[in-house]
Amino acid sequence: MDTDVIIVGAGACGLVVARELAKAGKKVLVLEARNRIGGRICPLPEETWGYPAQGGGEFVHGAAPVTHKLVDEAGLTLIHPIPWWEMRDKDEPVTIDPAVLRGDTLENKLKELKKDETVYEFLEREFPGEENKALRDMTYRRAEGYDAADPKRMSAFALREELSNENGWVQKNIKEGYGALVGFLQKECMKYGADIRLNNRVVRIEHGRNGAIVACENGTKLKAAKIITTVPLPLIQEIEFAPAIPEKLAAISQIGYGTVIKTLVRFKTKWWAGNREHHFERMFFLFSNERIPTWWTQYPELGAAQTVLTGWIGGPKAHALAALSDEEILDVGLTSLANIFERPVGELRSEVVAAKVMNWEKDALAKGAYSYPTPETEAALKILGQPANDALYFAGEVFGGDANATVEGALASGQNVARELLSQSTPKAK
């Protein structure tokens, strides 16, 4: 064998697996298709944005115990933004508590649900008619915006779990950015002897009782006792497996995988502060019904970070914009802001210092943002969670349990699969 374990993908999950296994004395090789580590964590240049901006994962959601422990180990800093959100509709902006978004009536009906179904099926049956349109629209916006999900596929049980998890509404940031966290994990991997090779896209995996052979697009072939794939779900479907794994690929198709477009704009000034009401000075999150509906600031950070707005659209509405060019998406974003704040769009264009559109559906090595549960997901994960031929394993944010679709989920999944392998007697590479 060339090595004990080959890990496909150097995102958060892959790096944690590599660190844990290498720390335990295993010979570990990580193969990454990109020319950088991090995967869907995508740090942007601080000199452009004035702070460690993020093109991908940005927030620490909920309790996130694995993330908190690693943040402490790395000597990084968690920021706790202010606990209220701004919502802008056709009327004046209002300050609301996140708990209001949950809605007692919705939660009570979800608690009565005995058999899982899609969010769309549940809402259309339990809250029909024009009198419930606002509640349906709010819930659809949540499924699309927060979960990047299609309500016609997303699990109603999953929505129930989200709404009942009070910690899930807690949003934090790593002041130094997720890039600093994956950088720490990379250094840890190197310290314990793990080998990370960039620009090595895996295209074929042969797996059997006597180990596995991995073939890369560049012609490299390597042998290992175990293989762990940590790449996004659509990319697993692009790898050739021998023997074939039709049951696992069918299981992947039963799991939702959402689209997100994230747009960062740095302006010359914090022009929105005091534009209509004084509390915009302290704005953190802002929701609207515009084409790019969700925006947030870096409050309470100071300096250049104060003049950056980040736009977010997820789910089917993001998919509908995905074919546009970056310039066209930026124009949609600026028009959305102009409508929200009742300012001339030309005035906002003249304020732009830097802009970046992260169209994750167009990213060939992501093909979207993150997973979301469907009514079939629980059964699908049981199939995917079983190794093939005791040699081929799958890990990633989708296996993160309650923290699926987050960096925490990816980190937790990485730790879990590392423990599973370490509980076995993995042969040493010769």
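Throughout, residue positions are numbered sequentially from 1 according to the sequence presented.
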side-chain contact (heavy atoms from CB on, under 4.5 Å) evaluation trace for Ile228 with Leu421: CA-CA 10 Å; Ile228 306 170; Leu421 262 67; 3.8 Å; yes
Checking Thr374 against Gln254 for the side-chain hydrogen bond (donor to acceptor under 3.5 Å, both in side chains) test, could you report, in this order, the C-alpha distance in whole Å, the side-chain angles of both residues, the deciding distance, and whether it holds? CA-CA 7 Å; Thr374 69; Gln254 297 298 307; 5.6 Å; no
Given Trp272 and Leu337, is the side-chain contact (heavy atoms from CB on, under 4.5 Å) satisfied, shown in steps? CA-CA 9 Å; Trp272 58 90; Leu337 287 171; over 6 Å; no
For the pair Val407 and Arg40, evaluate side-chain contact (heavy atoms from CB on, under 4.5 Å) and give the outcome as yes or no after the intermediate values. CA-CA 9 Å; Val407 177; Arg40 285 167 283 175; over 6 Å; no
Show your reasoning for whether side-chain contact (heavy atoms from CB on, under 4.5 Å) applies to Leu159 and Arg142. CA-CA 9 Å; Leu159 177 64; Arg142 178 193 163 80; 4.0 Å; yes
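For the pair Val202 and Cys216, the minimum side-chain heavy-atom distance is below 4.5 Å. With contacts defined as side-chain heavy-atom distances shorter than 4.5 Å, the pair His68/Val60 qualifies. Ile255 places a side-chain heavy atom less than 4.5 Å from the side chain of Thr377. By the 4.5 Å heavy-atom criterion applied to side chains, Asn289 and Arg141 are counted as neighbours. Contact of the Thr297 side chain with the Lys270 side chain is not registered, since no non-hydrogen atoms from C-beta on lie closer than 4.5 Å. Annotation: side chain of Gln186 is in contact with side chain of Met190 (closest heavy-atom distance under 4.5 Å). Taking the side chain as every heavy atom from C-beta outward, Leu181 and Ile41 never approach each other to under 4.5 Å. Looking at heavy atoms from C-beta onward, Thr139 lies out of side-chain contact with Phe127 at the 4.5 angstrom threshold.
Counting only distance, with no hydrogens or angles, the side chain of Lys262 and the backbone of Gly57 share no donor-acceptor pair below 3.5 Å. In this structure, Thr3 contributes its side chain and Lys27 its backbone to a donor-acceptor pair below 3.5 Å. Without hydrogens or angle criteria, Asn218 side chain to Arg201 main chain gives no donor-acceptor distance under 3.5 Å. In terms of modelled atom types and a separation under 3.5 Å, the side chain of Ser413 and the main chain of Ala410 share no donor-acceptor contact. A distance-only check finds a donor-acceptor pair linking the side chain of Asn416 to the backbone of Ala412 [under 3.5 Å]. Looking at His207, its side chain does come within 3.5 Å of a backbone N or O of Pro243 through a donor-acceptor pair. Although no hydrogens or angles enter the test, the distance criterion places no donor-acceptor pair under 3.5 Å between the side chain of Thr294 and the main chain of Phe287. Between the side chain of Arg291 and the backbone N or O of Leu321, no donor-acceptor pair lies under 3.5 Å. Under the 3.5 Å distance criterion, the side-chain polar atoms of Arg266 are matched with a main-chain donor or acceptor of Thr48. At least one donor-acceptor pair closer than 3.5 Å links the side chain of Glu397 to the backbone N or O of Ser371.
Between the side chains of Glu107 and Ser164, no donor N or O sits under 3.5 Å from an acceptor N or O. For His61 and Glu408, the side-chain atoms include no donor-acceptor pair closer than 3.5 Å. Using modelled atom types, one finds no donor on one side chain facing an acceptor on the other under 3.5 Å when comparing Asn359 with Asp326.
Tested against Thr259, the residues Lys367, Glu361, His319, Lys362 include a single side-chain hydrogen bond (donor to acceptor under 3.5 Å, both in side chains) partner, Glu361. When each of Thr77, Leu78, Leu70 is tested with Ile174 by the rule side chain to side chain contact (heavy atoms under 4.5 Å, CB included), just one qualifies, namely Leu78. Paired with Leu222 under the rule side chain to side chain contact (heavy atoms under 4.5 Å, CB included), one option of Asn200, Leu31, Ile213 passes, and it is Leu31.
Heavy atoms of other residues, nucleotides or ligands lying less than 6.0 angstrom from CD of Glu247 number 12 at most. Within a 6.0 Å radius of CD in Glu378, no more than 12 heavy atoms belonging to other residues, nucleotides or ligands are found.
Here CD1 of Ile6 is found 10.0 Å from CG of Asp195. Values are rounded to the nearest 0.5 Å. Here the CD1 atom belonging to Ile383 is positioned 11.0 Å from the CG atom belonging to Leu249, to the nearest 0.5 angstrom. With rounding to the nearest 0.5 Å, the separation of OG1 in Thr67 from OH in Tyr178 is 5.0 Å. Atom CD1 of Ile236 is separated from atom OG1 of Thr230 by 8.5 Å, given to the nearest 0.5 angstrom. Here Lys248 contributes atom NZ and Phe241 contributes atom CZ; the two are 10.0 Å apart, rounded to the nearest 0.5 Å. Distance CD1/Ile292 to CD1/Ile313: 6.0 Å, rounded to 0.5 Å.
Asp390 has a carboxylate O that lies under 4.0 Å from a charged side-chain N of Lys226, or vice versa, which qualifies the two as a salt bridge. The residues Arg204 and Glu206 are annotated as salt-bridged, a charged nitrogen and a carboxylate oxygen being separated by less than 4.0 angstrom. Note on Arg34 versus Asp363: salt bridge recorded, some NZ/NE/NH1/NH2 to OD/OE distance being below 4.0 Å.
Here the closest non-hydrogen pair linking Ile261 and Ala318 is CD1-O, 3.5 Å. The minimum heavy-atom distance between Ile196 and Cys189, with the atom names listed, is CD1-CB, 4.0 Å. Gly55 and Met358 make their closest contact through O-CG, 3.3 Å (heavy atoms, listed as atom of the first residue, atom of the second, distance). Scanning both residues, Val30 and Ala10, for their nearest heavy atoms gives CG1-CB, 3.8 Å. For the residue pair Gly396 and Cys13, the shortest heavy atom distance occurs at N-SG, 3.6 Å. Here the shortest heavy-atom pairing between Pro232 and Tyr257 reads CB-OH, 3.3 Å.
For the side chain to side chain contact (heavy atoms under 4.5 Å, CB included) test, residues two or more places apart in sequence or in another chain that qualify with Ala148 are Val260, Tyr370. For Phe267, the ring pair (Phe, Tyr, Trp, His ring centres under 6.0 Å) partners are Trp271, not counting sequence neighbours.
Here the two rings, on Phe341 and Trp295, have centers that are 6.0 Å apart or farther. Between Phe285 and Phe59, the gap from one ring centroid to the other is short of 6.0 Å.
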Below 3.5 Å, can you tabulate the donor-acceptor pairs from side chains in residues 16-23 to any protein atom, sequence neighbours excluded?
| from | atom 1 | to | atom 2 | distance (Å) |
| --- | --- | --- | --- | --- |
| Arg19 | NH1 | Glu73 | OE1 | 3.0 |
| Arg19 | NH1 | Glu188 | OE1 | 3.0 |

